[in-house]
There are 2 protein chains.
Amino acid sequence: MATIHDVAREAGVSIATVSRSLNGRSRVSEKTRARVLEVAAALEFHPNRAARGLVTGKLGNVGVLVPDLTNPFFTPILAGIEEVAQSRDMGVFVADTREDVDAEGRLITRLSQQVDGVVLVASRMDEEDLLDLRIKDKAVLVNRVVRGMSAVAIDAYQGMSELVDHLGELGHTRIAYLDGPSRSSLGRSKRLGLADRAKELGIDLIVLGHRQPTFAAGRESAEEVRSLDVTAVVAFDDLIAWGLITRLQELGVEIPQELSIAGFDDAIEEGMVRPALTSVSPQGTSLGIRAMDLLLDRLQRPAAPASVEMLGCIVKKRDSTRSILA
Amino acid sequence: MATIHDVAREAGVSIATVSRSLNGRSRVSEKTRARVLEVAAALEFHPNRAARGLVTGKLGNVGVLVPDLTNPFFTPILAGIEEVAQSRDMGVFVADTREDVDAEGRLITRLSQQVDGVVLVASRMDEEDLLDLRIKDKAVLVNRVVRGMSAVAIDAYQGMSELVDHLGELGHTRIAYLDGPSRSSLGRSKRLGLADRAKELGIDLIVLGHRQPTFAAGRESAEEVRSLDVTAVVAFDDLIAWGLITRLQELGVEIPQELSIAGFDDAIEEGMVRPALTSVSPQGTSLGIRAMDLLLDRLQRPAAPASVEMLGCIVKKRDSTRSILA
DNA sequence: CTGTTAGCGCTTTCAA
DNA sequence: TTGAAAGCGCTAACAG
């Protein structure tokens, strides 16, 4: 690999001039700059980011922590983050915590040395532990809010409220909710949005306790749901809804004729499940983009107060929910 | 962040002694080492990897390039890689090329500065372009073989051969194959394995041209498959098979009564598709583990000749393939 | 066994 | 406009 010295020698200038030509901060005569750039290109010179980072304190890359890479909820968020990163010529470090809180702490610590900032998606850590990491001015949370830290949140309250509206319009008066992980901070918003609006509309809401946000967990909930005497079921996320649907269908339940089902995330590709799943879409790509924007802001002015953004959801009405009115 | 100097001062020794205590290469008295370690822990000192990398030439992390993070085929491979990396206290940089060949080249170049080596999973680049990158002694290919480069390959030939055996035993004598992307190097092995064994067994094989390895592409193939007068269909991968199944079912075709269907990758979670899909499993986690092993070997002895490993596949017989014999 | 010192490749004052 | 020189945090000879 060519170093800055090689370029300097070849171009007949000092390394300082090469550095300036490349970074364009300070003035260099157009003529020298042109020659330096030419030589640099010819030598395929790429400044060593580690070395640059040593002196500037900036590495030019960010880290992203997700609880589960395979969960389709995170994919668009990652896409949004990478989109912004690429446009700024920054690298993205992705790490999968596998829903393991301990691993999360370790990974954050580890990642912190190699990146300028981190995006923590759906962090499962305790607020205290998170704060102890002292990363508040180089981190942005997605889908989680902690005092003093920047975050972009999903307005699940609004999303779930609108979902209840939808169900109400369809005539449902008794619906069940399959809750997700107890640590999920989004969980509370979802539950509240559901409960508050249900109350307003005079709809009975039966909340079934915590479970993992997995296809398998959805399947395992089928029996309980069946015994419940509700006409509609809302799941914590699409994976659970999906598992539930397939299992119910195996048990001979007709969806949506006998039971309406809705999920959250809008993470299932068109046609993957039948009937097409009604779902609340949190607009993942936008989440990722906004998170990166906030992070970049924050890295510019670490002293600035933390800002929290709330992004709305859209209810995607599809075939798994249907009217029970005559 | 505490630096090595802080630790040295606090422990009353030189920075060299701190370095030695931490790295354990050279001898330090147990007493001093203990004190240094204690101070380091108290200060939450973590050596700056960039700085260390500058002098040692090793950064302590590897990069992984995958064509599509959302494709479940890559998930276990990634898991295998991360498993080995974690055990060696190395970091993993993941980059998604989105099936874009140009992006792949750029990302490799970019990543190369921040990592000691890279694992290129299912690289789509030209052999020439890949060689031009001059990364052969710091890269390992997965699912792709290029002269002079280390690689761990999937024995798709064997896997597909055994799948034909399975189909033959079930009495099928005329089967279709839905091919994948034309650039896929695995494609040829799959096609050959299928064709050779089919020929040996006197089975007719109808090969349908290239398509993307996506659920949608599978759905779009349904009509063509239906018009084909075959009793079994093998798809390039599970995603295609899955799309095909759902679309065929919508069209009223009974699977596997009217048509047996099999995929490749074994990437679909139990219960996600009905009937459960017969699939050839390439054992992704092992692929990832072996790839990392090879990479680590390579980084130790860059001069060693490139080695290519071939990992066998296992045919997972499930409910989507059935006997047509009486 | 431990300290001093010379860089790794780069950016950034400070002079010229 | 350009160059010399001082480090960024760390490791690795080389002395002692």
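Note on naming: letters A, B, ... go to the chains in the order of the sequence lines (proteins, then strands), and numbering restarts at 1 for each one. Every heavy atom of this structure was used, including side-chain atoms; hydrogens, water molecules and symmetry mates were not. If you're wondering where the values come from, they're calculated on a predicted model, not measured in any experiment.
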(request) Provide, to the nearest angstrom, the distance between the CG atom belonging to B:L43 and the P atom belonging to D:dG9. (result) 14 Å
(request) Check the pair B:L141 / B:L130 against side chain to side chain contact (heavy atoms under 4.5 Å, CB included), numbers first and verdict last. (result) CA-CA 11 Å; B:L141 301 170; B:L130 217 41; 4.2 Å; yes
(message) Show me the pairs that pass ring-ring contact (aromatic ring centres under 6.0 Å, His included) and involve residues 34-79 of chain B, at least two apart or across chains.
(response) none
(message) Side-chain N or O of B:T32 versus OP1/OP2 of C:dT2: is the shortest distance under 4.0 Å?
(response) yes
(message) With ring-ring contact (aromatic ring centres under 6.0 Å, His included) as the rule and sequence neighbours excluded, what pairs involving residues 135-155 of chain A come up?
(response) none
(request) Could you list all the salt bridge (Lys or Arg N to Asp or Glu O under 4.0 Å) pairs where at least one residue sits in residues 35-48 of chain B, not counting sequence neighbours? (result) none
For nucleotides 14-16 of chain D, give me every protein contact, N/O to N/O, under 3.5 Å, one pair per line with atom names.
none

(request) Kindly calculate the angle separating the two end axes of the helix from C:dC1-D:dG16 to C:dA16-D:dT1, each obtained from five base pairs, and round it to 10 degrees. (result) 40°
(request) Mind calculating the distance between NE2 (B:H46) and P (D:dG9) to the nearest angstrom? (result) 16 Å
(request) Could you tell me the separation between the CG atom of B:N23 and the P atom of D:dA13, rounded to a whole number of Å? (result) 13 Å
(message) For residues 295-312 of chain B, which residue pairs pass the salt bridge (Lys or Arg N to Asp or Glu O under 4.0 Å) check, not counting sequence neighbours?
(response) B:R290-B:E309
(request) Show the numbers, then the answer: is there a side chain to side chain contact (heavy atoms under 4.5 Å, CB included) between B:N143 and B:L287? (result) CA-CA 9 Å; B:N143 195 11; B:L287 284 173; over 6 Å; no
(request) Would you kindly give the CE-to-C1' distance between B:M1 and D:dC8, to the nearest whole Å? (result) 15 Å
(message) I need the full list of side chain to side chain donor-acceptor pair (under 3.5 Å) pairs touching residues 50-60 of chain B, with sequence neighbours left out, sorted by first then second residue.
(response) B:N23-B:R52
(message) Can you list everything that forms a side chain to side chain contact (heavy atoms under 4.5 Å, CB included) with B:Q114? Sequence neighbours excluded, please.
(response) A:R49, A:N61, B:F93, B:R110
(request) Taking only the side-chain nitrogens and oxygens of B:N48, find out if one of them lies under 4.0 Å from OP1 or OP2 of D:dC8. (result) no
(message) Rounded to whole Å, how long is the line connecting atom CG of B:L59 with atom P of D:dC10?
(response) 14 Å
(request) May I ask you to test the A:M125-A:V146 pair for a side-chain heavy-atom distance under 4.5 Å? (result) no
(message) Within the supplied structure, the quantity of interest is the number of heavy atoms (other residues, nucleotides, ligands) at a distance under 6.0 Å from B:R98 CZ; does it exceed 12?
(response) yes
(request) Mind checking side chain to side chain contact (heavy atoms under 4.5 Å, CB included) for A:K138 and listing every partner two or more places apart, or none if nothing turns up? (result) A:S112, A:I135, A:L299
(request) May I have all residue pairs that pass side chain to side chain donor-acceptor pair (under 3.5 Å) and include part of residues 6-17 of chain B, sequence neighbours excluded? (result) B:D6-B:R9, B:S14-B:T17
(request) Compare all side-chain heavy atoms of B:V118 with those of B:L65 and state whether any distance is below 4.5 angstrom. (result) no
(request) Within residues 49-58 of chain B, find the residues that approach DNA chain C with a heavy atom at under 4.0 Å, and present them sorted by residue number. (result) B:L54, B:V55
(message) Under 4.0 Å, heavy atom to any atom of DNA chain C: which of residues 8-17 of chain A qualify?
(response) A:I15, A:A16
